[in-house]
A.B. asks: 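Got a structure for you, written out below as structure tokens; questions coming shortly.
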Amino acid sequence: MKRFVFIAFLGLYLAQGAARVSAQESKRDPCPRPSEGSVIREPDDLRSQNSVLKVDFTLRTQTEPNGLKRYCYIDAAGQESPTLRVKPGDLIILNLKNEVTGPPQDPSSTAPHHMHAHQEADVCASGPMSSTSTNLHFHGLEIPPTCHQDDVLKTSIQSGASPFQYRFRIPEDQPPGLYWYHPHIHGFTKIQVLGGASGAIIVEGIERANKAVAGLPERVLIIRDQDLLNPNSPPSKSEPVIPKMLFDRDGDVANNGTGFGKPAKDLSVNFVPVPYPDYPPAAIQIRPGEQELWRVLNASAITYLNLEVLFQHKPQPMGLVALDGVPLGENPSLPDVVSWQKHLGVPPGARVEFIVTGPPVGVPGLFVTRTVDTGPGGENDTNRALATITASVDAPELRSKLALSPTPLPAPRLPWLGDVTPVRTRRLYFSEKLLEPNNPNRATEFYLTVEGQTPAPFDPESEVPNITVTAGTVEDWIIENRSNELHAFHIHQLHFMLLDYLGRQVDEPFLRDTVNVPYYDGKALIYPSVRLRMDFRDPKIVGDFVYHCHLLEHEDNGMMGLIRVEPAERPRNSKTNASRPSRSARLCRAPGATGGD
Ligand SMILES: [Cu+2]
């Protein structure tokens, strides 16, 4: 059945793709976007010079005729969501101007201090958070959770305020790979990210970690989701007939378990939309037989991906070399490893970097996402095409090529995380509660609770951390899912190692910052879980930050917790001096030194 459908996708593209014109692209648009069926353009690159990358971003909005609201990062040259390319040790100076228009949605629900929107008070000190305020999170970067760097708890830039400056250094030991930026305004992250507010950050030098990619051209693909362009259309005639349409607790189309029917959201690839119901694919041009490194970010708000490359409908090997910005060879015992896969699951927020070989001329290729079983309460993430892959000797050369003879990365300064003894084990769990059981589409609270505490939605005004740890230590966390849908666990400022998945030991020889946690079927004797080894050894990472579900409507509705990392040797005045632990703090792992939950 799947084969049949993909043939249908292709036929449709060939019939209609060439005729489409870029009707939406107009000079008057604050944020122009490509039209469906277009050739995928890579985001423009902003590269650091003399170890400094200066960026001026304006966040703009535009409402489409059908009511969809775009949120766009536009740089000084008018480019949307450029890729920030930096090297370890580089300084990023990013000025963000908020020009979001329109009335704030629901400002009373999350605005703690009832401050006037244009009051230029302290951006760092809990201004109102609304649909018209914004900030930035640098997902995966191991930088301090402080204002002007990577704080999302209090930083809120109001519309019309003067540009706010982010200024931070990429750590010397940040693994080379794909990271990303997006807003993180509590309660409103989903609408801004759905509107397109996201972009890639590449820490250069992946070829220094893995010789298999040395000399390869690289292609950046950002997959975003957005509200359905054609929400009232019936499914394509090439699909099997689906039983009655149900909705989940978030009001999205619920997973019907078939892989077909109406998806919760449309997808786009580098902003080329691939809308339901016909999914006209975008287009990728490639040279026949040429190997490329594809760097794919799932910047979706709620959509899981299960990526596959097909040539003449047959799955092709994808040579995975990095996950969540971390080369698989991060573990020094596994240099230059390539993990050949037929498909790659990518939760919202995660990244995969893999080697793809172009098909021979005349062999049709298709880049697709297959259905993901998100659970009875989860979204309908359907089978669909993303892009055709067409080989031609004249395919344009990709803009970036990795160095052919790179110098290897220096040896890691800390022992491999899997070899470190954790100081304690904690258990956390995802759960959901219907506040109005008779109204299944409304008022669900989403919780991410530390075992022993009372489930409660994240409270942005609370200063009391759910978890306190000591810098220099390593902990094991078990994350359970007690709900009937998938969740993706993410923590800011650091990476972790996946030790067990569903009770089975995996001891992955690489690190992640986002991981899927399987759903509970309501029958099993134990809840599905993952076991993670959390790395708090970096002495720069002290202070308050968050961990949460990366399905943004879950996060916005409370599925988040507050963690405080205290310096190993606590200075007298810990509140203001928290970011300067001594050098010896780094390897201190005295069990039970402070904190606990
Ligand atoms: Cu979730």
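Just so you know, ligand 1 is whichever comes first in the structure, and atom 1 is the first atom listed for that ligand. The first residue in the sequence is number 1, and the count goes up from there. Just so you know, these numbers use all the heavy atoms, side chains as well, and skip hydrogens, waters and symmetry mates.
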A.B. asks: How about Tyr73 and Phe57: are their ring centres within less than 6.0 Å of each other?
C.D. replies: yes
A.B. asks: Among the N, O or S atoms that His487 has, which is closest to the Cu ion (ligand 1)?
C.D. replies: ND1
A.B. asks: Do Asn298 and Ser300 have side-chain heavy atoms sitting under 4.5 Å apart?
C.D. replies: yes
A.B. asks: If you stand at the Cu ion (ligand 1) and look out to ND1 of His554 and SG of Cys549, what angle do those two lines make, to 10°?
C.D. replies: 130°
A.B. asks: Return yes when at least one N/O/S atom of His550 is nearer than 2.8 Å to the Cu ion (ligand 1), and no when none is.
C.D. replies: no
A.B. asks: With Arg512 as the cation and Phe496 as the aromatic partner, state whether NZ or CZ is under 6.0 Å from the six-membered ring centre and within 45° of the axis.
C.D. replies: no
A.B. asks: Which residue, His554, His487, Arg482, forms the side chain to side chain donor-acceptor pair (under 3.5 Å) with Glu432?
C.D. replies: His487
